Amino acid sequence: MFSKVLVANRGEIAVRVMRACKELGVRTVAVYSDADKHGGHVRYADEAYNVGPARAADSYLDQEAILDAARKAGADAIHPGYGFLAENAEFARNVEESEFTWVGPSSDAMERLGEKTKARALMQEADVPVVPGTTEPVESPDQVKEIADEYGYPVAIKAEGGGGGRGLKVVRSEEEVEEQLETAQREGEAYFDNASVYVEKYLEAPRHIEVQILADHHGNVRHLGERDCSLQRRHQKVIEEAPSPALTDDLRERIGEAARRGVAEADYTNAGTVEFLVEDGEFFFMEVNTRIQVEHTVSEEITGLDIVKWQLRVAAGEELDFEQDDVEIEGHAIEFRINAEKAAQEFAPATGELKTYDPAGGIGVRIDDAVRQGDEIGGDYDSMIAKLIVAASDREECLVRSERALAEYDIEGLETIIPFHRLMLTDEAFIEGEHTTKYLDEKLDRERIEQAVEKWGPADAGGDDGDEEVTEREFTVEVNGKRFEVNLEERGAPAIPVSGNSSGNSASRPPQAKDDGGDDEVVVEGDGETVTAEMQGTILSVEVEEGDEVASGDVVCVLEAMKMENDVTTQRGGTVTQVVVSEGESVDMGDALVVIE
Ligand code: MV4
């Protein structure tokens with residue numbers, strides 16, 4: 001086993017990995033950005049290194065800075081967690097070629113599965129059903145029409161480098177082929193540096209089922225059953241569960257075995273997930289995620305296996321010590337993502353101080369988090385601050401226990417989607433397990449979300465507790481980019497003043513023309529309006545053109561930030577006089593997007 005592992009991540013997943021390290025007797029190294037000096041993962045680690053400014057591209061994505069920290073710490077392996085560099089085959093290769101061990105699949109396996117047509121061909125080779133379509137890229141509208149004639153409309157045009165909903169275009173008739181093909185190619189180029197696209201039959205309302213895999217360097221591949229992640233909002237999972245309420249035992253067995261064959265064909269090692277679409281009792285391969293996933297926890301709960309510990313063991317060369325038949329699925333587990341978001345306002349990110357943080361507990365309740373009361377939750381990274389995982393002997397008990405746990409979970413000072421989760425536990429489609437991937441975006445009534453927030457949301461007064469007498473205080477100092485904790489005992493008046501970010505005007509936002517609950521920052525100049533970016537991100541789509549008439553509240557573009565899609569709306573009506581940005585462009589907070597006069 002390794003003696004020291006660097007975790008190239010932050011937040012709950014970094015702590016999750018470090019917990020596994022601790023149980024294996026492995027020392028842990030955190031990396032952190034300037035925005036995370038007080039982060040939970042930094043508190044948990046044995047040592048921590050600053051890798052740069054808040055912007056992820058300058059810190060958590062800075063390969064050299066992370067390798068540098070690993071060298072300084074004398075680590076012998078690097079675990080990437082999820083997100084950031086986790087699925088970057090180039091980084092995996094750089095780690096492989098360094099003195100450190102990469103805790104993940106080989107860069108070769110990552111590349112084999114990263115390009116979608118390659119992965120489809122490989123799965124077909126292993127007798128894994130794929131959605132009918134092409135295993136070669138297509139270039140002309142005629143090729144698309146040919147396939148559509150064979151399978152019927154609608155068809156999906158997908159970017160070769162795509163995933164998570166980006167670069168996916170649905171074509172419903174022959175007239176749309178040309179335009180959608182061009183859009184898919186343009187998006188592929190903008191997001192993945194790859195204009196190559198392919199075509200599949202489009203399934204209207206599939207379920208998202210994924211199989212957890214573990215594979216070692218001795219030829220053993222095991223599956224840990226499936227997860228149902230059908231409850232998604234704009235390709236963001238919000239609730240995941242295992243096992244799926246929608247599969248028969250026969251289908252479950254066949255999907256699990258298909259996933260095993262598929263990753264074996266790819267010479268895959270470590271943990272991974274094979275994603276499928278399931279419709280009308282049939283399943284089709286979609287893609288492989290070559291990382292540990294957010295929702296791995298529910299598989300752990302129903303199998304009793306510690307997937308992260310196995311990632312470390314397998315990377316260190318150990319052999320999986322159980323057969324497929326030894327994997328027993330017991331009971332039911334549901335994961336609720338505790339996101340700092342305003343559910344009633346299109347799930348816009350919420351920031352602020354965690355004035356109260358008192359998570360649920362008791363039988364069957366697991367909390368994976370990296371925050372504690374008093375933490376400041378900023379907008380630099382994704383909005384998930386914790387995960388609530390509830391396990392019980394069956395789904396029915398799990399739903400009741402979930403209600404109890406969500407009601408216990410007490411968070412003040414920062415809005416979360418707990419009220420939304422509580423709503424889902426009263427929702428017939430969810431309770432019956434009948435929801436498909438279309439449910440949240442197309443079926444659920446928004447008014448019900450508003451009512452849920454009103455009923456279970458923050459009781460808007462954030463009661464001030466008053467400051468307690470401080471006798472011993474902890475300080476964090478950074479010397480040459482390494483973090484140290486210093487305890488200071490003092491009597492009487494504090495020698496070092498307590499910094500004043502405890503309440504009140506913490507955010508410095510420009511005044512808004514009208515406060516109707518919309519959270520888009522708007523700078524009003526004279527009669528016109530410049531709609532600006534509320535956060536750093538990528539323009540997913542531009543919804544208006546110069547000359548368009550828009551009304552207050554209209555969506556002008558969709559901005560993606562840390563995997564969240566955010567509608568950017570106007571505050572006032574008028575004529576669009578300037579469209580400053582285009583699809584695929586990166587913007588910084590405060591950048592002008594569209595001008596309306
Ligand atoms: C599909 C599909 C239907 N038919 N492909 C969305 C994410 C991307 N990785 C693949 N996605 C889809 N591909 C075919 N041929 C429907 C989706 C899809 C989806 C898939 C899983 C979970 C949620 C989804 C929401 C919308 C669309």
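Computed from a prediction, not measured in an experiment: that's the story for all the values here.
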CA sep, side-chain torsions, deciding dist, call: N94, E90, side-chain contact (heavy atoms from CB on, under 4.5 Å): CA-CA 6 Å; N94 290 340; E90 182 207 12; 4.2 Å; yes
Polar side-chain atom of E442 near backbone of K438 as donor-acceptor pair, under 3.5 Å: no
Side-chain heavy atoms of Y82 within contact of E295, under 4.5 Å: no
Any H223 side-chain heavy atom under 4.5 Å of I213 side chain: yes
R254 bridged to D250 by N-O distance under 4.0 Å: yes
Closest heavy-atom pair and its distance - A215, V221: CB-CG2, 4.0 Å
Polar contact flag, side-chain donor to acceptor under 3.5 angstrom, D142-S140: no
Test side-chain contact (heavy atoms from CB on, under 4.5 Å) applied to E146 and V138, step by step: CA-CA 11 Å; E146 219 171 276; V138 299; over 6 Å; no
Donor-acceptor under 3.5 Å (T135 side chain, R120 main chain): no
Closest heavy-atom pair and its distance - C21, V5: SG-CB, 4.0 Å
E265 side chain vs M123 backbone, donor-acceptor pair below 3.5 Å: no
Spatial distance of atom CD (Q185) from atom CD (E160) [nearest 0.5 Å]: 12.0 Å
Distance in Å, E204 CD paired with T437 OG1, rounded so as to fall on 0.5 Å steps: 10.0 Å
Between D76 and S3: side-chain donor-acceptor atoms closer than 3.5 Å: yes
Q293 side chain near E275 side chain, heavy-atom distance below 4.5 Å: yes
Minimal non-hydrogen separation, F284 against V130, with atom names: CD2-O, 3.5 Å
Donor-acceptor contact below 3.5 Å, side chain D216 vs main chain L320: yes
Nearest-0.5 Å distance that lies between atom NE2 in H296 and atom CD in E301: 9.5 Å
Contact summary for E96 and S106, nearest pair of heavy atoms: OE2-CA, 3.3 Å
R234 and D567 ion-paired at < 4.0 Å: yes
From CA spacing to verdict: side-chain contact (heavy atoms from CB on, under 4.5 Å), E200, Y151: CA-CA 9 Å; E200 287 177 0; Y151 302 113; over 6 Å; no
Any donor-acceptor N/O pair, E432 side chain to E428 backbone, under 3.5 Å: no
Donor + acceptor pair across side chains of T290, E87 (<3.5 Å): yes
Heavy atoms from other residues, nucleotides or ligands near CD of Q63 exceed 12 (cutoff 6.0 Å): yes
Atom CD of E434 with >12 non-hydrogen neighbours under 6.0 angstrom: yes
Heavy-atom side-chain proximity of F322 to L214 below 4.5 angstrom: yes
Mutual orientation of the aromatic rings belonging to Y60 and H41 [parallel < 30°, tilted 30-60°, perpendicular > 60°]: tilted
Test item: R261 side-chain N/O and D127 main-chain N/O as donor-acceptor pair under 3.5 Å: yes
Cationic tip of R395 above F430 ring, under 6.0 Å, 45° of axis: yes
Evaluation steps, salt bridge (Lys or Arg N to Asp or Glu O under 4.0 Å), between E257 and R260: CA-CA 5 Å; E257 288 307 316; R260 282 179 81 191; 3.3 Å; yes
Exercise: identify the closest heavy-atom pair between V308 and A20: CG1-CB, 3.6 Å
Expected output: side-chain R291 to main-chain G104 donor-acceptor under 3.5 Å: no
Heavy-atom closest contact (A190 atom, E583 atom, distance): CB-O, 4.3 Å
Expected output: side-chain Q324 to main-chain R222 donor-acceptor under 3.5 Å: no
D228 and S230: CA distance, side-chain angles, deciding distance, side chain to side chain donor-acceptor pair (under 3.5 Å) verdict: CA-CA 6 Å; D228 194 317; S230 299; 2.7 Å; yes
side-chain contact (heavy atoms from CB on, under 4.5 Å) evaluation trace for Y153 with R172: CA-CA 6 Å; Y153 288 95; R172 299 204 168 271; 5.7 Å; no
Enclosure of E99 CD (heavy-atom neighbours >12, cutoff 6.0 Å): yes
Note: E189-R186 ion pair, threshold 4.0 Å (strictly below): no
Test item: E560 side-chain N/O and T538 main-chain N/O as donor-acceptor pair under 3.5 Å: no
Side-chain H-bond candidate by donor/acceptor type, T297 with R16, under 3.5 Å: no
Pairwise distance CD(E330) to CD1(I302) - rounded to 0.5 angstrom: 10.0 Å
Residue pair I334 / V298, side-chain heavy-atom distance below 4.5 Å: no
Atom pair CD1 (I147) and OG1 (T134), whose distance is rounded to the nearest 0.5 Å: 5.0 Å
CD1-CD distance between I307 and Q212, expressed to the nearest 0.5 angstrom: 4.0 Å
H421 side chain to R337 backbone, donor-acceptor under 3.5 Å: yes
4.5 Å side-chain heavy-atom contact, K237 and E335: no
Side chains of E319 and D321 in contact at under 4.5 Å (non-hydrogen atoms): no
Heavy-atom check, side chain of E318 versus side chain of M1, under 4.5 Å: yes
F285 and F276 aromatic ring geometry - parallel, tilted or perpendicular at 30°/60° bounds: perpendicular
